[in-house]
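To start, the structure itself, in structure tokens.
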Amino acid sequence: MKLSKHARIRQQQRGIKDETIDLLFKYGKFKRQKGGTGVLVFPRKVKSSIEKKHLKIKNLKNAYAVITAKGKRITKKDADLITVGHRYK
């Protein structure tokens with residue numbers, strides 16, 4: 001996974017750990033967007049169980065990652081991370 005300079009800065013500013021990004025790739029749901037990108041978010045059914053398992057990570061269930069969507073399958077090795085953040089809907 002390549003991390004953009006913007007993503008590195010946002011990750012530090014928003015307090016999102018590398019472990020959170022790893023969990024997004026493992027359990028996250030991918031939603032395609034315009035322009036060849038997509039958003040990784042935790043599915044509603046998985047949020048509570050992930051947060052219980054990883055108590056040390058704060059704001060884990062609201063995290064998201066914007067990545068490039070090159071192919072049909074999204075893997076951590078092929079993805080380029082554009083930015084990360086927390087959802088507040």
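Heavy atoms only: backbone and side chains are in, while hydrogens, waters and symmetry mates are out. Positions are given from 1 along the sequence.
Taken from CG in L23 to NZ in K53, the straight-line distance is 9.5 Å, to the nearest 0.5 Å. In this structure, the separation between OG1 on T20 and CZ on F25 is 12.5 Å, given to the nearest 0.5 Å. Put simply, CG on D80 and NZ on K2 are 4.5 Å apart, with the number rounded to the nearest 0.5 Å.
Counting heavy atoms from C-beta outward, H54 and E19 have side chains that stay 4.5 Å or more apart.
Judged by distance alone, the side chain of S4 and the main-chain N or O of L81 form a donor-acceptor pair under 3.5 Å.
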For residues 38-51, which side-chain N or O atoms pair as donor and acceptor with protein atoms under 3.5 Å away, sequence neighbours left out?
residue : atom : partner : partner atom : Å
S49     : OG   : V46     : O            : 2.9

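Surrounding CD of Q33 are more than 12 heavy atoms belonging to other residues, nucleotides or ligands, all under 6.0 Å away.
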- Message: Quick one, Q13 with R10, criterion side chain to side chain donor-acceptor pair (under 3.5 Å). Give me CA distance, side-chain angles, the key distance, then yes/no.
- Response: CA-CA 5 Å; Q13 286 175 343; R10 293 293 179 249; 2.5 Å; yes
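Across all non-hydrogen atoms, the minimal contact from Q11 to I16 is CG-O, 2.8 Å.
Put simply, V84 and L3 are part of the same group of oily side chains (I, L, V, M, F, W, Y) that touch within less than 4.5 Å, one to the next. Neither I82 nor F30 shares a network with the other; the hydrophobic side chains, linked directly or stepwise wherever heavy atoms of I, L, V, M, F, W or Y lie under 4.5 Å apart, form separate groups for each. Hydrophobic clustering (ILVMFWY, side-chain heavy atoms < 4.5 Å, transitive): L60 and L24 are in one cluster.
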